[in-house]
Amino acid sequence: MRRPVPRAARGPGRWRRGLRLAWAAPATLLGVALALPLLLGGGRLARHEGVLEVCAPDRPGWAWRWVARVGIDAITFGHLVIARSPAHHAAWRAHERVHVRQYERWGPLFLLAYPAESLWQWLRGGCPYRDNRFEVQARQGAGEGGAQAGARSPGG
Ligand SMILES: [Zn+2]
């Protein structure tokens, strides 16, 4: 018995999905390049709802200890998300999926727009991370409350 093909997997939806993947591909490739040493260091790769997720092994090596040292819980590059653990993926999935959608909208320009927005906020006397409009949008999109929203690392 054949399973019905979801509407999004055929017709115009399929093309739109392909275009979003292609538009974000330069950022995804950058993420792959950054994830490579983490994967060689024993990192685990999984696919979740069309997004590649990389996380640390049970016994993290030097590359993963560096990720922990700089305080990154999770970070998104196109359709690839790197997180410190499966628990971090679970905790930040909704937030990081907003960043995935931002990459789908902005494509490679997001790699410039995000730091430019951080610089703008810093020049205005704000917090480059917390006040960054892309982070504000991600927190709102993920339905994050106050405590968690202010206590995480850049995800953009
Ligand atoms: Zn974020």
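Worth saying up front: this structure is predicted, and the values here are computed from it rather than measured.
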J.: For Gly42 and Pro57, which heavy atoms make the closest approach, and how far apart are they?
T.: O-CB, 3.1 Å

J.: Looking only at non-hydrogen atoms, find the nearest pair between Glu117 and Asp131 and report the distance.
T.: OE2-O, 3.9 Å

J.: With no hydrogens and no angle check, do the side chains of His89 and Glu96 hold a donor and an acceptor under 3.5 Å apart?
T.: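 Side-chain D/A pair, His89 to Glu96: absent.
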
J.: CG/Leu45 to CG/Leu38 distance, rounded to the nearest 0.5 angstrom?
T.: 11.5 Å

J.: Do Ser118 and Tyr129 have side chains that get closer than 4.5 Å, going by heavy atoms?
T.: no

J.: Please determine, by modelled atom types, if Tyr114 and Glu135 share a side-chain donor-acceptor pair under 3.5 angstrom.
T.: yes

J.: Quick check: do Glu104 and Arg17 have side-chain heavy atoms less than 4.5 Å from each other?
T.: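 Yes. Closest side-chain heavy atoms under 4.5 Å.
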
J.: Mind checking the CD-CG spacing from Gln137 to Asn132? Nearest 0.5 Å is all I need.
T.: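 Spacing of CD (Gln137) from CG (Asn132) equals 10.0 Å.
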
J.: What I'd like to find out is whether the side chain of Trp122 reaches to under 4.5 Å of the side chain of Cys127, using heavy atoms alone.
T.: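 They are not in contact (no side-chain heavy atoms under 4.5 Å apart), so the answer is no.
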
J.: Tell me which one of Arg97, Arg84, Arg47, Arg44 satisfies salt bridge (Lys or Arg N to Asp or Glu O under 4.0 Å) with Glu53.
T.: Arg97

J.: Looking at every heavy atom in both Ala35 and Leu80, which two are closest together, and how far apart are they?
T.: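 Looking at all heavy atoms of both residues, the closest pair is CB-CD2, 4.3 Å.
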
J.: Are Glu144 and Trp92 packed together at the side-chain level, in the sense that at least one heavy-atom pair is separated by less than 4.5 angstrom?
T.: yes

J.: Take atom CH2 in Trp106; do more than 12 heavy atoms of anything else shown fall under 6.0 Å from it?
T.: no

J.: Please say yes or no: joined through hydrophobic side-chain contacts below 4.5 Å, possibly via intermediate residues, are Val70 and Leu30 part of one cluster?
T.: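 Same cluster: Val70 reaches Leu30 through Ile, Leu, Val, Met, Phe, Trp or Tyr contacts under 4.5 Å.
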
J.: When rounded to the nearest 0.5 angstrom, what is the spacing between CD in Glu49 and CZ in Arg93?
T.: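 Here the interatomic distance stands at 7.0 Å.
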
J.: Taking a hydrophobic cluster as the set of Ile, Leu, Val, Met, Phe, Trp and Tyr residues connected by side-chain heavy atoms closer than 4.5 Å, whether directly or through intermediates, do Val136 and Phe134 fall within one such cluster?
T.: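 The answer is no; the residues belong to distinct hydrophobic clusters.
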
J.: Determine whether Tyr103 and Phe77 make a side-chain contact, defined as any pair of heavy atoms from C-beta on separated by less than 4.5 Å.
T.: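 Yes - at least one pair of side-chain heavy atoms lies under 4.5 Å apart.
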
J.: Are His79 and Leu52 packed together at the side-chain level, in the sense that at least one heavy-atom pair is separated by less than 4.5 angstrom?
T.: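 No, too far: nothing below the 4.5 Å cut-off.
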
J.: Take the angle between the ring planes of Phe110 and His99 and call it parallel below 30°, perpendicular above 60°, tilted in between.
T.: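 Rings of Phe110 and His99: tilted, 30 to 60°.
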
J.: Could you check Ile75 against Val81 for side-chain contact (heavy atoms from CB on, under 4.5 Å), going step by step and ending with a plain yes or no?
T.: CA-CA 6 Å; Ile75 189 163; Val81 180; over 6 Å; no

